[in-house]
Amino acid sequence: MPTIEDCLAYLGIDYADEQITRNVSRALHDAQSYLKSAVGDDVFELLPNDSKADRLVLTYLSDLYDERGTSAKAGNAKRDMIHSMELQLRLELARA
């Protein structure tokens, strides 16, 4: 599971004051909740070191924190990748 430091690095934030850290922490919590809702509540317990889960949390976090618009083509490609990763995690959870 990504730490606050992992998230700050992923977002490209070199210096984080209290406000930035609080906002990133809130976005991280929401991203983790979103992943649990998308693939299963026990994703972090059953798949604690899964890189796909970490990548999805960071992807959700980036969308929540940055709220940057992307082109339709890039947005669709990103959504396809996210849906595929969510499906893979659901299948791995079912096996676990």
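Values reported hereafter were calculated over all heavy atoms of this structure, with side chains retained and with hydrogens, waters and symmetry mates removed.
- Nearest approach of Ala38 to Glu86, heavy atoms of both residues: CB-OE2, 3.7 Å.
- Residue Ile20 holds its CD1 atom at 12.5 Å from CD1 of Ile4, rounded to the nearest 0.5 Å.
- Formation of a donor-acceptor pair under 3.5 Å by the Asp6 side chain with backbone atoms of Thr3 is found in this model.
- Distance check: Arg26 CZ to Arg22 CZ gives 7.0 Å after rounding to the nearest 0.5 Å.
- Nearest heavy-atom pair, Leu93 versus Val39, reported as atom, atom and distance to 0.1 Å: CD1-O, 3.2 Å.
- Note that NE2 of His29 and CG of Leu61 are 13.0 Å apart. Values are rounded to the nearest 0.5 Å.
- The heavy-atom pair separating Leu28 from Pro2 by the smallest distance is CD2-O, 3.8 Å.
- With rounding to the nearest 0.5 Å, the separation of CG in Asp50 from CG in Leu89 is 5.0 Å.
- Side-chain contact between Tyr65 and Asp30: absent, with no pair of heavy atoms (C-beta onward) separated by less than 4.5 Å.
- A pairwise comparison of heavy atoms in Glu45 and Asp41 identifies OE1-O, 3.5 Å as the closest pair.
- Here the CE-CG distance, from Met1 to Leu47, works out to 11.5 Å after rounding to the nearest 0.5 Å.
- Through chains of ILVMFWY side-chain contacts below 4.5 Å, Leu91 is grouped with Leu87.
- Atom CZ of Phe44 has more than 12 neighbouring heavy atoms from other residues, nucleotides or ligands inside a 6.0 Å radius.
- Looking at Leu56, Leu58, Asp63 one by one, the single match for side-chain contact (heavy atoms from CB on, under 4.5 Å) with Tyr60 turns out to be Leu56.
- The shortest non-hydrogen separation linking Val57 to Ala31 is O-CB, 3.5 Å.
- Within 6.0 Å of atom CG in Asp17, more than 12 heavy atoms from other residues, nucleotides or ligands are found, so the atom counts as buried in its surroundings.
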